[in-house]
Amino acid sequence: MNARKGFTLAGVMGWPVSHSRSPRLHGHWIAELGLQGTYVPLPVPPGRVGEAVRGLRALGFAGCNVTIPHKVAVMEHLDEIDPMARQIGAVNTIVVTEDGRLVGRNTDGEGWLRGLRDAQPGWRAEAGPAVVLGAGGAARAVTAALAAAGAPAIRIVNRTREKADALAASLGGVATGHGWAEREALLDGAALLVNTTSQGMKGQPPLDIALERLPRAAVVSDVVYTPLETPLLAAARARGNPTSDGLGMLLNQARPAFAAWFGVEPEVTAELRALMAEGL
Ligand code: NAP
């Protein structure tokens, strides 16, 4: 249903969207692979997302990414939502199929997992319990990916306890919800610690957690990528824990989306990482 045969149109729908690094990322792949197409920012104010999504078909778009604040609002305007996006409860990628159907996907969880595996190839989901700090959108993606990958236990810790409990319940028996005061005790025996809160981001205080109880073999992952090395990752590295930064998630969540629109699987190279890390 791409009206512009031979030229693929894609973009990122958000509000605001001018700060998004996605046009640089997808633009790099389009040029590198010598493809005919473009990836543009699509600023859509809240309340107009239905119109905008329906317009994708008429405009001949192959699809688009969806970012803040539209990831949940967009869902009611789609023809189909894949099981992972439904589990996460949000859509970050829309694909317009050949027959014009609008399909919602969420690639954040698989992107996070792939970034983790790229950074720490020896890590295994089955190795032991995972502690996930936060229960917002990023936590929903990370925990869904962990559950699908076979983590034996997922300990979700959140400032607002009820949100941790609700997220744990949505994942079935593999996950448990905990209050913020428990965060250090829960590190005992963990094989993975993931920060999905906004703490540690530029302009925010560092995450308030002591790592003494975390086994030194446990991998520490942060979804925050500004700065690239958060205070949590610096503290983990200093005591010898293997780490994985948030840029890996940002780059890898884009791969399946690009592949769905352009029909080619792009690579995350060291050159691309350096390009995308500029100014972080
Ligand atoms: P969100 O849905 O708003 O969730 C924010 C989470 O942070 C909630 O669990 C919240 O707890 C917690 N939090 C906020 N302030 C806190 C504090 N002072 N102490 C403890 N916990 C606190 O946000 P999100 O979409 O999940 O995004 C979270 C972070 O992930 C952001 O920094 C975002 O940039 C990053 N992210 C990165 C990628 C990537 O590709 N690398 C992708 C998505 C998101 P309450 O529930 O108690 O409020």
Quiz item: Are L167 and V223 connected in a single hydrophobic cluster, I mean Ile/Leu/Val/Met/Phe/Trp/Tyr linked by side-chain heavy atoms less than 4.5 Å apart?
Solution: yes
Quiz item: With R237, which residues qualify under salt bridge (charged side-chain N to carboxylate O under 4.0 Å, His left out), at least two apart?
Solution: E229
Quiz prompt | Nearest heavy atoms of W15 and P43, plus distance in Å | solution = CE3-C, 3.8 Å
Exercise. Give the C-alpha distance, both sets of side-chain angles, the deciding distance and a yes or no for side chain to side chain contact (heavy atoms under 4.5 Å, CB included) between D222 and D245.
Key: CA-CA 5 Å; D222 205 328; D245 65 45; over 6 Å; no
Quiz item: With a 4.5 Å heavy-atom cut-off, do V103 and L78 have their side chains touching?
Solution: no
Practice problem: Find out whether R155 and H178 are in side-chain contact, i.e. whether some heavy atom of one side chain is under 4.5 Å from a heavy atom of the other. | Solution: yes
Practice problem: Identify the two heavy atoms, one from Q253 and one from T107, that lie closest to each other, and give their separation to 0.1 Å. | Solution: O-OG1, 2.7 Å
Quiz item: When hydrophobic residues are tied together by side-chain contacts of less than 4.5 Å, even through go-betweens, does V74 share a cluster with L56?
Solution: yes
Using distance only, find each side-chain donor-acceptor pair of residues 108-121 under 3.5 Å and give its atom names and separation, not counting sequence neighbours.
{"residue": "D108", "atom": "OD1", "partner": "N92", "partner atom": "ND2", "Å": "3.0"}
{"residue": "D108", "atom": "OD2", "partner": "K71", "partner atom": "NZ", "Å": "3.0"}
{"residue": "W112", "atom": "NE1", "partner": "S221", "partner atom": "OG", "Å": "2.9"}
{"residue": "Q120", "atom": "NE2", "partner": "T243", "partner atom": "O", "Å": "2.9"}

Self-check item: R24 side chain near L275 side chain, heavy-atom distance below 4.5 Å
Solution: yes
Quiz item: With distance as the sole test, does R21 use its side chain to make a donor-acceptor pair with the main-chain N or O of M276 at under 3.5 Å?
Solution: yes
Quiz item: Minimum heavy-atom separation for L171 to A147, with atom names?
Solution: CD2-CB, 4.2 Å
Quiz prompt | Any donor-acceptor pair under 3.5 Å from S20 side chain to V17 backbone | solution = no
Quiz prompt | Side-chain donor or acceptor of T196 paired with backbone N/O of L133 under 3.5 Å | solution = yes
Exercise. Write down the atom of A168, the atom of G177, and the distance for their closest heavy-atom approach.
Key: CB-N, 3.6 Å
Practice problem: Apply side chain to side chain contact (heavy atoms under 4.5 Å, CB included) to the pair E184 and E212, showing each step before the final yes or no. | Solution: CA-CA 8 Å; E184 285 161 7; E212 275 70 34; over 6 Å; no
Practice problem: Measure from the side-chain N and O atoms of D82 to the backbone N and O of R86, and report whether any donor-acceptor pair falls under 3.5 Å. | Solution: no
Exercise. Identify the heavy atoms of M13 and C64 that sit nearest to each other, and give their distance.
Key: CE-SG, 4.0 Å
Practice problem: Give a yes or no on whether Q36 atom CD has more than 12 heavy-atom contacts from other residues, nucleotides or ligands under 6.0 Å away. | Solution: no
Self-check item: side chain to side chain contact (heavy atoms under 4.5 Å, CB included) evaluation trace for W29 with L272
Solution: CA-CA 9 Å; W29 281 329; L272 177 60; 3.4 Å; yes
Exercise. Indicate, with yes or no, if L186 and L232 share a hydrophobic cluster defined by side-chain heavy-atom contacts under 4.5 Å among Ile, Leu, Val, Met, Phe, Trp and Tyr.
Key: yes
Exercise. Return the orientation label for the Y39 and H26 ring planes: parallel under 30°, perpendicular over 60°, tilted otherwise.
Key: parallel
Quiz prompt | Donor-acceptor pair, side chain of T230 and main chain of L233, under 3.5 angstrom | solution = yes
Practice problem: Say whether, by atom type as modelled, one donor and one acceptor occur between the side chain of R216 and the main chain of N241 under 3.5 angstrom. | Solution: no
Quiz item: Considering residues, nucleotides and ligands other than L33, do more than 12 of their heavy atoms fall under 6.0 Å from its CG?
Solution: yes
Exercise. Report yes or no: does R57 contribute a side-chain atom to a donor-acceptor pair with the main-chain N or O of G100 at less than 3.5 Å?
Key: yes
Self-check item: With sequence neighbours excluded, residues passing side chain to side chain donor-acceptor pair (under 3.5 Å) with H77
Solution: none
Exercise. Could you tell me whether the side chain of N158 and the main chain of A135 form a donor-acceptor pair under 3.5 Å?
Key: yes
Exercise. Answer yes or no: are there more than 12 heavy-atom neighbours, outside E265 itself, under 6.0 Å from its atom CD?
Key: yes
Quiz item: Distance-only, no hydrogens or angles: does the W261 side chain make a donor-acceptor pair with backbone N or O of I94 under 3.5 Å?
Solution: yes
Quiz item: In terms of heavy-atom contacts, does CZ of R239 have more than 12 from other residues, nucleotides or ligands at under 6.0 Å?
Solution: yes
Quiz prompt | Single-linkage hydrophobic cluster, 4.5 Å side-chain cutoff, L280 and L207 together | solution = no
Quiz item: Any side-chain heavy atom of V132 within less than 4.5 Å of one from I154?
Solution: yes
Exercise. Please check if any side-chain donor atom of S22 sits under 3.5 Å from a side-chain acceptor atom of N65, or the reverse.
Key: no
Quiz item: Taking the side chain as C-beta and beyond, is there a heavy-atom pair between L251 and V268 under 4.5 Å?
Solution: yes
Quiz prompt | Contact summary for M75 and A85, nearest pair of heavy atoms | solution = CE-O, 4.2 Å
Quiz item: Could you walk me through whether T93 and V66 pass the side chain to side chain contact (heavy atoms under 4.5 Å, CB included) check?
Solution: CA-CA 6 Å; T93 301; V66 184; over 6 Å; no
Practice problem: Evaluate the side-chain proximity of L228 to R273: yes if any heavy-atom separation is below 4.5 Å, no if none is. | Solution: yes
Quiz item: Is V224 linked to L193 within one hydrophobic cluster, defined over Ile, Leu, Val, Met, Phe, Trp and Tyr using a side-chain heavy-atom separation of less than 4.5 Å?
Solution: no
